[in-house]
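Inspection log for the structure reproduced underneath, given as structure tokens.
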Amino acid sequence: MTSPDPALQHALRLERAHHDHCRAALTAMVEGAQEQVVTGEDVSASGADAEVLGHRLRSQAKELRELPEGPLFFGRLDFDPAAPEDHGGTHGPLHIGRLRITEHPTAPPLVVDWRAPVARAFYQAGPRNPRGVAVRRRFGWAPGSRGDSADLTGLEDEHLARGESRTSEIVAREIERPRVGPMRDIAATIQPEQDDLVRAALTASVCVQGGPGTGKTAVGLHRAAYLLYTHPQRIRRGGLLILGPNRTFLDYIAEVLPALGETGVRQSTVQDEIARHPVTGTDDERTAVVKHDARTAEVLRRALYARACPDADADAGALAVPDGSYRWRVAAEELRAIVADVRAEQPPYAVGRERVRARVVAALRAQAERRGGPRTSAWVRRIERARPLGAWLDAVWPRVRPEEVVAGLLADPAALERAAEGLLDADEQKALLWPRPPRSWKSARWSAADLVLLDEVAGLIEHPEGYGHVVVDEAQDLSPMECRAVARRSVYGSLTVLGDLAQGTTPWAARDWSVLMRHLGKPDATVVPLTTGFRVPAAVLGLANRVLRRLDVAVPEPRSLRRDGELTVRETDDVPAAVVTAVRGALAGEGSVGVIAADAEVPRLRRALAAAGIGTTEGPTADARVAVLPASLVKGLEYDHVVAVEPAAIAEAEERGLHRLYVVLTRAVSALTVVHGRPLPF
């Protein structure tokens with residue numbers, strides 16, 4: 001905090017001067033990176049070297065140019081020279097920021113990246129275990145600072161070597177700061193239990209069960225940034241994927257990783273990742289539930305591999321392949337054995353087809369070499385392309401599209417019955433069938449659930465390329481089939497799974513993390529609970545926990561460290577008018593305002609607010625303070641002031657409506673106003 005104390009004012013002047021020094025060094029780094037791009041084009045030994053070096057240097061220069069404006073450091077560590085801990089030979093003070101700043105690559109850094117090993121003490125040191133830190137300093141910056149040194153308004157020192165412990169007012173103000181626009185990073189306020197998750201090993205898959213306001217989303221994003229920093233080659237080679245529940249959520253978190261100096265990370269939804277076709281069809285809930293059931297995966301596997309039949313070309317007898325004036329033959333029994341053996345190995349379908357071809361060619365080659373000696377690779381390629389072999393292969397192991405397999409099941413009751421025998425009952429099979437089958441798969445109207453089926457078959461035909469690491473947020477809402485789609489993309493990588501079982505709102509929402517992690521292919525992942533809320537005030541959580549006790553999941557009740565915040569419950573005969581009044585009251589204060597209602601009520605509320613002269617937007621954008629959103633789209637979002645409209649209507653709108661209401665009530669980070677005309681469902 002600022003203070004008239006001359007010693008503190010002197011310290012502030014020194015720190016502002018250091019920030020100016022860092023700003024000049026960063027400018028030089030940006031200019032130097034651009035100069036390296038020009039120089040690097042002329043010094044490489046070969047064209048290939050030049051291309052690789054040029055790409056690397058251009059990427060580095062681009063990343064530096066695109067860094068968002070803002071303060072260059074948020075903390076400082078002064079080490080105790082008598083402490084036994086080794087901090088990389090560092091004895092002088094270390095400033096901690098969002099990226100490393102140095103005047104020369106070999107010179108001591110002016111600012112250390114928050115992800116560097118030496119910076120971990122900033123988050124983990126305490127009076128009981130100071131980790132060699134004598135003083136931990138936190139800096140207070142003016143809200144919205146673009147990095148002007150004059151915006152450094154205060155500082156706090158903790159003398160850990162003396163056993164001093166204090167509650168940081170700077171951290172509290174940063175956590176509670178009014179929020180307008182997209183989500184911010186939390187590099188300055190990471191708590192020790194969050195830091196443990198952020199710095200988990202690359203090979204470790206972690207599941208975070210986090211209550212509202214516990215920072216689970218921020219933890220996942222900061223772990224992504226940490227892994228990119230710590231394992232740049234391994235992660236960038238395989239790629240890093242962030243999966244969110246919808247585009248609104250992805251827009252909300254889009255600026256976090258760039259603010260941490262990481263660009264080029266794919267941020268997507270499961271639906272976008274599996275979208276082979278536009279969604280033009282719809283399913284009722286019963287049909288969608290069956291399509292998302294894990295048993296359907298086995299139905300699809302049976303249907304696909306039923307096409308690979310050893311006896312499909314039994315009438316043709318032996319296979320004869322011409323070779324000049326001679327014909328090489330493979331007996332029907334040997335052919336059937338080859339197909340049966342490959343099927344038993346259960347390779348991806350496309351791999352199996354080529355494996356069958358290769359084994360038949362190997363049998364033909366063995367005959368030819370016994371008769372006339374070794375054969376060349378050109379001879380092998382010619383035999384592989386022989387028409388009789390291709391025709392036989394098309395009969396016993398035909399090429400197939402995922403669309404053909406899925407359409408063949410959904411349009412043919414007999415085919416579905418054969419594939420689903422012992423797995424799906426008659427009613428479930430009936431639910432899967434298309435009421436009016438299209439003439440062919442090319443004219444099919446694919447539903448969102450159909451895309452999950454298509455992705456499953458595509459994965460059976462040929463494994464997709466995987467990512468080095470995948471972060472999955474709001475994972476509790478994934479179906480077993482969607483989990484399998486994620487698992488196929490992380491077979492050789494690790495996962496960070498984030499969610500809250502209490503916030504599960506889909507018909508197939510998880511009730512137990514062990515089941516979901518098994519579907520994700522990581523049954524041994526550690527499940528870590530986060531129960532301390534830093535964003536949602538205690539009064540708001542107290543109301544939400546009344547709903548939590550009525551839900552069908554066993555999760556610990558979250559608790560809040562915040563004793564501020566407001567809770568207002570307003571009963572009225574004129575809900576739209578009461579909403580207008582509540583929004584006007586909220587606009588008298590700072591921060592964003594979210595009006596959340598059952599989906600069907602949103603248009604009426606937008607009209608009422610517009611008639612009152614209050615401008616609104618439909619998402620978490622920075623250019624409007626008031627957003628009016630349907631309850632189905634607010635998961636993962638936060639607003640300083642939330643106006644929750646008619647909770648009974650939200651709870652009745654869907655089967656898991658109470659779970660949805662729990663989500664709505666926990667979007668507020670400063671104040672919650674509940675407007676209702678009907679009895680409350682809690």
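Residue R276 holds its CZ atom at 12.0 Å from CG of L453, rounded to the nearest 0.5 Å. Taking CG of L243 as the start and CZ of F249 as the end, the distance is 10.5 Å to the nearest 0.5 Å. Between the CZ atom in R173 and the CZ atom in R138 there is a gap of 12.0 Å [rounded to 0.5 Å]. Atom CG of L498 and atom SG of C207 lie 8.0 Å apart (nearest 0.5 Å).
The existence of a salt bridge linking R146 and D151 is excluded, since no basic side-chain nitrogen approaches an acidic carboxylate oxygen closer than 4.0 Å. Between R295 and E428 there is a salt bridge, with a side-chain nitrogen of the basic residue lying less than 4.0 Å from a carboxylate oxygen of the acidic one. E262 has a carboxylate O that lies under 4.0 Å from a charged side-chain N of R115, or vice versa, which qualifies the two as a salt bridge. The existence of a salt bridge linking K635 and D500 is excluded, since no basic side-chain nitrogen approaches an acidic carboxylate oxygen closer than 4.0 Å. Contact check on K291 versus D283 returns a salt bridge, with a Lys/Arg side-chain nitrogen under 4.0 Å from an Asp/Glu carboxylate oxygen. Of the charged side-chain nitrogens involved, none lies within less than 4.0 Å of a carboxylate oxygen, so that R286 and D284 do not count as a salt-bridged pair.
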- Message: Quick one, L665 with L672, criterion side chain to side chain contact (heavy atoms under 4.5 Å, CB included). Give me CA distance, side-chain angles, the key distance, then yes/no.
- Response: CA-CA 7 Å; L665 296 179; L672 171 65; 4.1 Å; yes
- Task: Given side-chain hydrogen bond (donor to acceptor under 3.5 Å, both in side chains), test T531 with R559 step by step and report yes or no.
- Result: CA-CA 6 Å; T531 59; R559 60 185 182 88; 4.9 Å; no
- Message: salt bridge (charged side-chain N to carboxylate O under 4.0 Å, His left out) for R247 and D272? Distances and angles first, verdict last.
- Response: CA-CA 10 Å; R247 277 288 155 193; D272 288 342; 2.9 Å; yes
- Task: Take L587 and V593, measure what side chain to side chain contact (heavy atoms under 4.5 Å, CB included) needs, and give me the verdict at the end.
- Result: CA-CA 7 Å; L587 289 173; V593 182; 4.1 Å; yes
- Item | Working for side-chain hydrogen bond (donor to acceptor under 3.5 Å, both in side chains), residues R223 and T496 | CA-CA 8 Å; R223 187 183 184 204; T496 298; 2.6 Å; yes
- Task: Report the C-alpha separation of E273 and S268 in whole Å, then their side-chain angles, then the decisive distance to 0.1 Å, and conclude whether the side-chain hydrogen bond (donor to acceptor under 3.5 Å, both in side chains) test is met.
- Result: CA-CA 7 Å; E273 288 297 296; S268 184; 3.1 Å; yes
- Message: One pair to check against side-chain hydrogen bond (donor to acceptor under 3.5 Å, both in side chains): N246 and Q271. What are the steps and the verdict?
- Response: CA-CA 9 Å; N246 52 57; Q271 290 72 28; over 6 Å; no
- Message: I'd like to know whether V645 forms a side chain to side chain contact (heavy atoms under 4.5 Å, CB included) with E601, so could you lay out the CA-CA distance, the side-chain angles of the two residues, the decisive distance to 0.1 Å, and finally the verdict.
- Response: CA-CA 9 Å; V645 184; E601 293 298 309; 5.8 Å; no
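Put simply, the side chain of T269 never gets that close to the backbone of G244: no donor and acceptor are under 3.5 Å apart. Between the K522 side chain and the S490 main chain, a donor and an acceptor come within less than 3.5 Å of each other. A donor-acceptor pair under 3.5 Å links the side-chain atoms of H659 to the main chain of A502, judged by distance alone. Judged purely by atom type and a 3.5 angstrom limit, W508 has no side-chain atom pairing as donor or acceptor with the backbone of L478. Put simply, the side chain of E193 never gets that close to the backbone of Q191: no donor and acceptor are under 3.5 Å apart. Between the side chain of S205 and the main chain of L495, a donor-acceptor pair closer than 3.5 Å is present. Put simply, the side chain of H469 gets close to the backbone of S494: a donor and an acceptor are under 3.5 Å apart. Between the side chain of Y639 and the backbone N or O of A627, no donor-acceptor pair lies under 3.5 Å. A side-chain donor-acceptor contact under 3.5 Å links Q124 to the backbone of P192. Side chain of R484 to backbone of D455: no donor-acceptor contact under 3.5 angstrom is found.
Side-chain contact between L410 and L432 is present, with heavy atoms from C-beta onward closer than 4.5 Å. Counting heavy atoms from C-beta on, the side chains of V602 and L629 never come closer than 4.5 Å. Proximity of P71 to L152: side-chain heavy atoms (C-beta onward) are nowhere separated by under 4.5 Å. Between L609 and V583 there is a side-chain heavy-atom pair separated by less than 4.5 Å. Considering only heavy atoms from C-beta on, V643 stays 4.5 Å or farther from V674 through its side chain.
In this structure R563 satisfies the salt bridge (charged side-chain N to carboxylate O under 4.0 Å, His left out) test with no other residue, sequence neighbours excluded. Listed by chain and residue number, V528 satisfy the side chain to side chain contact (heavy atoms under 4.5 Å, CB included) test with T526 (two or more places apart in sequence, or in another chain). Remark: W446 pairs with H277, W434 by the ring-ring contact (aromatic ring centres under 6.0 Å, His included) rule, at least two apart or across chains.
Q209 and Q476 form no side-chain donor-acceptor contact under 3.5 Å, judged by distance and modelled atom types alone. In this model, no donor atom of one side chain and acceptor atom of the other lie less than 3.5 Å apart for T296 and D293. Side-chain contact annotation: T248 with D251, donor-acceptor N/O pair under 3.5 Å absent.
Listed here is the closest heavy atom pair of V536 and A668: CG1-O, 3.6 Å. Between R625 and A586, the shortest heavy-atom contact is NH2-O, 4.0 Å. Contact detail for A225 and W114: the closest heavy-atom pair is CB-CZ2, 4.1 Å. Between R562 and F534, the shortest heavy-atom contact is CD-O, 3.1 Å. Of all non-hydrogen atoms in F122 and G75, the two that sit nearest each other are CE1-CA, 3.6 Å. The two residues R656 and L501 make their nearest non-hydrogen contact at NH2-O, 4.3 Å.
When each of E158, E156, R136 is tested with S168 by the rule side chain to side chain donor-acceptor pair (under 3.5 Å), just one qualifies, namely E156.
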With a 3.5 Å cut-off and sequence neighbours excluded, list the donor-acceptor pairs that the side chains of residues 537-550 form with protein atoms.
unit_1, atom_1, unit_2, atom_2, d
N545, ND2, L541, O, 3.3
N545, ND2, P558, O, 3.3
R549, NE, E557, OE2, 2.7
R550, NH1, P681, O, 2.1

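Atom CD of E15 is surrounded by more than 12 heavy atoms from other residues, nucleotides or ligands within 6.0 Å. Other residues, nucleotides and ligands contribute more than 12 heavy atoms inside 6.0 Å of the CD atom of E654.
Applying the salt bridge (charged side-chain N to carboxylate O under 4.0 Å, His left out) rule to pairs touching residues 502-519 yields R511-D552, sequence neighbours excluded. Residue pairs meeting the side-chain hydrogen bond (donor to acceptor under 3.5 Å, both in side chains) criterion with at least one member in residues 663-678, sequence neighbours excluded: Q503-R667, H641-T673, E652-R678.
Between F73 and H19, the ring-plane angle classifies as perpendicular under the 30° and 60° cut-offs.
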